[in-house]
Amino acid sequence: MSAHQTPSDIEVPLPWEITIGRVLDRVTDGNPGKTFVEIGGKSYSYGQVREGVLRTASLFRELGVRHGDRVCLFMPNCVEYLYCWFGLSELGAISVPINTAYRRDETAYILNNAEAVALVTDPSLADVAGDAADLAPGIRHRILRGDGPAGEGWIYFQTAFDRATPLPDRHNVSPDDVSMLVYTSGTTGNPKGVMVTHRMYAAAGQGFAHWTQATPDDRFFTCLPFYHANIQYYSTMGALAAGATLVIVDRFSASRFWGQVRESQATVVNFIGMMMPVLAKNPEQPDDADNTVRLFYGSPSFSPEFLSEFQERFATDIIVGFGMTETCYGTIEAIREDRRAGSSGRPRQHPDPRFENTVRIADAETGRHVGPNTVGEITIKNPTVMPGYWRNDEQNRETLREGWLYTGDLGWLDDDGFLYFVDRKKDIIRRRGENISSQEVENVIKANPNVLDCAVVAVPSELGEDEVKAYVTPRPGATVNPEEVVYWCAEHLAYFKVPRYWEVRDELPRTPSLRVRKDVLRQEREDLIEGCYDLEAAGIRLR
């Protein structure tokens, strides 16, 4: 400090202007022996993870992977996934996760769209991966994790890893560099690659640790796949920012969930989609409250009745938020503070007040921002809005306008800035002059004790505009009677919102985030009404 400077004259670096590697360094330097990750029955300390990351970075550099190159990761949850993601980030290269449920053509689309130079996969997926790579001329290296027969041209990850030495020189990587291309679920066409920067990941972790009031003693639990943004942004980076421990299991299982949570002594659990309603509909057990979970975080929002019953039964707390891959900062509820029924909370804030996150509502037609208590498109502006979709100028022009992210979701803000989600823009149903939120109808149907899940879509009407159709899956061991659910809906909804057509089925198509693929339902067959239960044909009159 010069003789003329005061402490207030010195600019303090913004904490989110940092790379993933530097975030890992800071925690590891302070406590290298602390357990960072528990996965597959093994524990890995912060020091072990950093060494594994630097060995993997060296492995990829020896293969010729350079700054900006894309490498696809097509694996189930495993520590090698973390090594590859963080290791590639050390080189300024870009990881590209692929949904492990994808088949050949879906996988090849990602390989080609990302123009990937390498593919890392698992023996259980090697056949699909190999066939997809045959359709992707840009793939120079095929890398196999674990044991298993490898065909000609395959490289064993473990062999190359054992030969590698930790990367000796840390490369010049910027917080602006892209760390991952996270492909969205593709509910409106082919998946789009969201460019997620080091800055976005750093800020997500710092924010999540702040919002959940996490400490190094916390044990974060996730059953989500590594190709999902939630485990990346919040579970992994949140645990890292807090210096805590991350426990990862391979998939969600309603029957095994509480046993896994108790065994891992989890304190913070992330959820998405239907996980919470499924857990709530499990038969009550005398030890339901016997767990260490102090907080669940996820989306969507729930009714006050559901929250009260769940929290009392399992002796825990739940906060919800609104977020998306395109920005890790949307809205969130605060622990033990003011909450509003049906709300997703207020704009998320970073612990550093210099971080500004603003959520506004725009007119769905003109795009101009409107005042409170008016439904429109949710827009977000902050330092962690994505730089764009990978090589998709048309979509970028529609989604990114003057620094604002236009989410494609409809909602409204109350006078105190609490956000209320209404529906996806494309899922609003227009029936006989009335606008209907498919989510509102779905929430009522899901509350029926015999229903596990449902999806509501528009189908053609002989009167013009739309009719409403509901796809319903029954709770295990239960039977759904469409007529009974019709009258259930009529007790809770205006007559025009009650679905006319009903289809009961064992399961619904889903995205990686467990949302129902309504686009798949709409395209399953030409006539979506044929064979359905029709309340009008059944003689039911609700007026």
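Numbering of residues begins at 1 and proceeds along the displayed sequence.
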> Distance only, no hydrogens: is a donor on one side chain within 3.5 Å (strictly under) of an acceptor on the other, for His198 and Ser174?
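No pair is found: no donor N or O on one side chain lies under 3.5 Å from an acceptor on the other.
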> Under 6.0 Å between the ring centres of Phe220 and Tyr234?
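No, too far apart.
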> If you round to the nearest 0.5 Å, how far is CZ of Phe36 from CG of Leu246?
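Separation between the atoms: 6.0 Å.
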> Okay, side chain of Glu377, backbone of Gly408: is any donor-acceptor separation there less than 3.5 Å?
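Looks like yes, one N/O pair under 3.5 Å.
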> Around Gln311, counting heavy atoms of other residues, nucleotides and ligands shown, do more than 12 lie under 6.0 Å from its CD?
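More than 12 within 6.0 Å, yes.
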> Around atom CZ of Arg354, are there more than 12 heavy atoms of other residues, nucleotides or ligands at under 6.0 Å?
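Buried by this count: over 12 neighbours within 6.0 Å.
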> Using 0.5 Å steps for rounding, measure from the CD atom of Glu90 to the OG1 atom of Thr19.
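Atom-to-atom, Glu90:CD and Thr19:OG1 are 6.5 Å apart.
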> Assess the side chains of Thr384 and Trp16: does a donor N or O sit below 3.5 Å from an acceptor N or O?
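No - no donor-acceptor pair under 3.5 Å links their side chains.
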> Between His350 and Phe355, how do the two ring planes meet: parallel, tilted or perpendicular, split at 30° and 60°?
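Ring orientation, 0 to 90° scale: parallel.
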> Test side chain to side chain donor-acceptor pair (under 3.5 Å) on Asn99 and Tyr227 and set out the steps.
CA-CA 6 Å; Asn99 187 333; Tyr227 55 76; 3.1 Å; yes
> Between the side chains of Thr399 and Gln395, is a donor N or O closer than 3.5 angstrom to an acceptor N or O?
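Looking only at side-chain atoms, Gln395 and Thr399 do form a donor-acceptor pair, the distance falling under 3.5 Å.
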> Looking at Arg401, I want to see if its CZ is surrounded by more than 12 non-hydrogen atoms of other residues, nucleotides or ligands under 6.0 Å.
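Yes - once you tally the heavy atoms of other residues, nucleotides and ligands closer than 6.0 Å, there are more than 12.
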> Before giving the answer on ring pair (Phe, Tyr, Trp, His ring centres under 6.0 Å), spell out for Tyr201 and Tyr233 the whole-Å C-alpha distance, their side-chain angles and the decisive distance to 0.1 Å.
CA-CA 6 Å; Tyr201 282 122; Tyr233 280 146; 5.5 Å; yes
> Salt bridge check: are Lys192 and Glu394 linked by an N-O gap of less than 4.0 Å?
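Not counted as a salt bridge, because no side-chain N and carboxylate O are separated by less than 4.0 Å.
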> How far apart are the closest heavy atoms of Ala126 and Thr121, and which atoms are they?
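Scanning both residues, the minimum pair turns out to be CA-CG2, 4.2 Å.
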> Quick check: are there more than 12 heavy atoms from other residues, nucleotides or ligands sitting under 6.0 Å from CZ of Arg251?
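Check fails, neighbour count at 12 or below.
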> Heavy-atom count around Asn172 CG within 6.0 Å, excluding the residue itself: above 12?
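No, because the 6.0 Å sphere around CG of Asn172 holds 12 heavy atoms or fewer from other groups.
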> Anything under 30° is parallel, anything over 60° is perpendicular, the rest tilted; go ahead and classify Phe271 against Phe302.
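The arrangement is tilted - the two ring planes meet at 30° to 60°.
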> Can you tell whether the side chains of Glu38 and Arg219 come within less than 4.0 Å, N to carboxylate O?
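Answer for the salt bridge query: yes.
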> Measuring centre to centre across the rings, with the benzene-like ring taken for any Trp, is Trp211 within less than 6.0 Å of Tyr329?
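Between Tyr329 and Trp211, which both carry aromatic rings, the centre distance is below 6.0 Å.
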> Can you list the steps and then say if Phe157 with Tyr83 is a ring pair (Phe, Tyr, Trp, His ring centres under 6.0 Å)?
CA-CA 11 Å; Phe157 177 90; Tyr83 288 171; 7.4 Å; no
> Can you tell whether the side chains of Asp414 and Arg340 come within less than 4.0 Å, N to carboxylate O?
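Counted as a salt bridge, because a side-chain N and a carboxylate O are separated by less than 4.0 Å.
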> Name all pairs fulfilling the salt bridge (charged side-chain N to carboxylate O under 4.0 Å, His left out) condition that reach into residues 54-71, sequence neighbours left out, sorted by first residue then second.
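Qualifying pairs, neighbours excluded: Glu51-Arg55, Arg61-Asp169, Arg70-Glu115.
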> Is the shortest distance from a Lys or Arg side-chain nitrogen in Lys34 or Asp29 to a carboxylate oxygen in the other one below 4.0 Å?
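Between Asp29 and Lys34 there is no salt bridge, as every charged N stays at least 4.0 Å from the carboxylate O atoms.
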> In residues 71-80, what donor-acceptor pairs under 3.5 Å come from side-chain atoms, sequence neighbours left out?
residue	atom	partner	partner atom	Å
Asn77	OD1	Phe226	N	2.8
Asn77	ND2	Leu224	O	3.0
Asn77	ND2	Val249	O	3.2
Glu80	OE1	Arg145	NE	3.0

> Decide if atom CD of Gln213 counts as having more than 12 heavy atoms of other residues, nucleotides or ligands within a radius under 6.0 Å.
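Enclosed: over 12 neighbouring heavy atoms sit under 6.0 Å from CD of Gln213.
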> Scan side-chain atoms only and decide if Thr222 and Asn270 contain a donor-acceptor pair under the 3.5 Å cut-off.
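On atom types as modelled, these side chains do not qualify, holding no pair under 3.5 Å.
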> Less than 4.0 angstrom from a charged side-chain N to a carboxylate O is my criterion; do Asp218 and Arg294 meet it?
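Result for this pair is yes, salt bridge flagged.
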> Side chains of Thr35 and Ser43: do they bring a donor and an acceptor to under 3.5 Å?
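Side chains of Thr35 and Ser43: no pair found under 3.5 Å.
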